[in-house]
There are 2 protein chains.
Amino acid sequence: MDTTLIAPKPRAAALGKREQTKAQNRQMILEAARGVFAELGYGATTVRDIIRATTLASGTFYNYFKSKEEIYQAIRDEAALAIRPQLRAERQKAATVEEFIQATFRTFFEIVTRDEVNFRTIRHSADATRMRMDTPEVIAGFEELREDIESGIARGVFPPIDADYLMAAIVGVAFEMTERILRRENRDAKAAADFATALFMGGIRALPHAGETPGGA
Amino acid sequence: MDTTLIAPKPRAAALGKREQTKAQNRQMILEAARGVFAELGYGATTVRDIIRATTLASGTFYNYFKSKEEIYQAIRDEAALAIRPQLRAERQKAATVEEFIQATFRTFFEIVTRDEVNFRTIRHSADATRMRMDTPEVIAGFEELREDIESGIARGVFPPIDADYLMAAIVGVAFEMTERILRRENRDAKAAADFATALFMGGIRALPHAGETPGGA
DNA sequence: CCGATCCATGACGAACCGTCAACTTTTGAC
DNA sequence: GTCAAAAGTTGACGGTTCGTCATGGATCGG
């Protein structure tokens, strides 16, 4: 295709210098935003705080994002886009309802405990208030889950239940339990996934009893 | 004008005029805030928007609330303080796990469908983003639920499970299902509560099948 | 080497923030 | 009824952030 004669730049420079610095700047701003949001909380940070944490000028921010809200969305969307294929792949390996549920919870909890920074629900700086924002790509992940449930119903793997409500139940448990898991000293993703799976498969009476030391890890 | 001679003002004037207008102003500001938040969404409203919707001057706002965040908190806390005693009372009537779960979901869903305005999760104005904020009194309600579960375990009504996780699961399902219920045309609090209760009692296989028209109401 | 294009820069006007001195109303004492 | 102290309201003010835009420097294609 193009060139050549001699070797093209080793890599990554398939893009011109222009495209390169643009990508760098965007990355620098996102990085700074992650840090500032984590430190000050969403409500307290300003666009100026973010840009001050980079080497760029204030006007430059607006070449990349429209507002504080949009960059926050970009950060969350990025995380959602990273996790969704993993969830979907695990679910599609499932042959039974139990495998489907187990895979969903285990994958989710493992990712969020491993990469806490990205998934920790943003907490308002000082006070006890908690906040959660679902961006478009996160919500698209919810819809994917519902589609997978519906497809399971169509194939006879799931009983013909209300897929919308079941999706909501799974999402609600996943996010709310995440909040509790991250608050604990021993973050045991597997134990949490076992708890949630048992609840969804057999109800409260099937839940592992606290204090038991199950054979597993 | 005020006359007197005869009966004291029929009621409510047990308080001096000062206390009276203070209560009125606070109420007027809260009322205006509810309206503005509902119209513009939390992120887009300013303290000035709220005070403009009253007859008061801008400085007066700060005699009652420190910030936009604090008045939002006050609104949510008010709702939480109203709903918590009802939830607790219903739960305490329960003699079995099933009654406990059923009462929790049914009471919650009935209240939120009846008084949608107060409980609808605040949505960011135009876009698809969703947001939820838990204020201290809401969180205190979570803790109450956990205490009730723990007390149930102590009395032998509940099996000895992880009360923290179960509380999180119930809360997560309640809030996330609320979001779906309010999006539907026919808001059936009972059907939703039956779904959630069946899930928690027997797991997915016990869920009512979609399309069934159960005998009950 | 040159003109065209792209983009970073930082200054600017507008909007909002939270405060505060001045003013009005209420209260309680005489 | 009168008056001084206390409480509370008012809107203007300095300070900060917002989003824009004219300017200028760097990159690109030729």
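The chains referred to below are lettered A, B, ... by the order of the sequence lines, with proteins before strands, and numbering in each begins at 1. What you see is a predicted model; the values in this text were computed from it and never measured.
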Task: Pairing of B/Arg91 and B/Glu147 as salt bridge, 4.0 angstrom limit - done: no
Task: Residues A/Glu144 and A/Arg84 bridged, charged N to O under 4.0 Å - done: yes
Task: All side chain to side chain contact (heavy atoms under 4.5 Å, CB included) counterparts of A/Pro136, not counting sequence neighbours - done: A/Gln73, A/Asp77, B/Ala128, B/Thr129
Open item on the list: Can you see whether B/Thr121 engages B/Glu179 through a side-chain donor-acceptor pair at a distance of less than 3.5 angstrom?
Closed with: yes
TODO: Could you tell me whether the side chains of B/Thr46 and B/Asp49 share a donor-acceptor contact shorter than 3.5 Å?
DONE: yes
Task: Interatomic distance where CD belongs to B/Glu69 and C1' belongs to C/dC17 [whole Å] - done: 15 Å
Open item on the list: At a heavy-atom distance below 4.0 Å, which nucleotide of DNA chain D is the first touched by chain B, and which is the last?
Closed with: D/dA6 to D/dA12
Task: Distance, nearest 0.5 Å, that separates CZ of A/Phe108 from CZ of A/Phe119 - done: 7.0 Å
TODO: Describe, in one word, how the ring planes of A/Phe100 and A/Phe158 are oriented to each other, choosing from parallel (under 30°), tilted (30 to 60°) and perpendicular (over 60°).
DONE: perpendicular
TODO: Indicate for each nucleotide in nucleotides 4-15 of chain C, in 5' to 3' sequence, whether protein heavy atoms under 4.0 Å reach the base (B), only the sugar-phosphate (S), or nothing (-).
DONE: -BBSBBBB----
Open item on the list: Side chains of A/Glu78 and A/Leu30, heavy atoms from C-beta outward: is any pair under 4.5 Å?
Closed with: yes
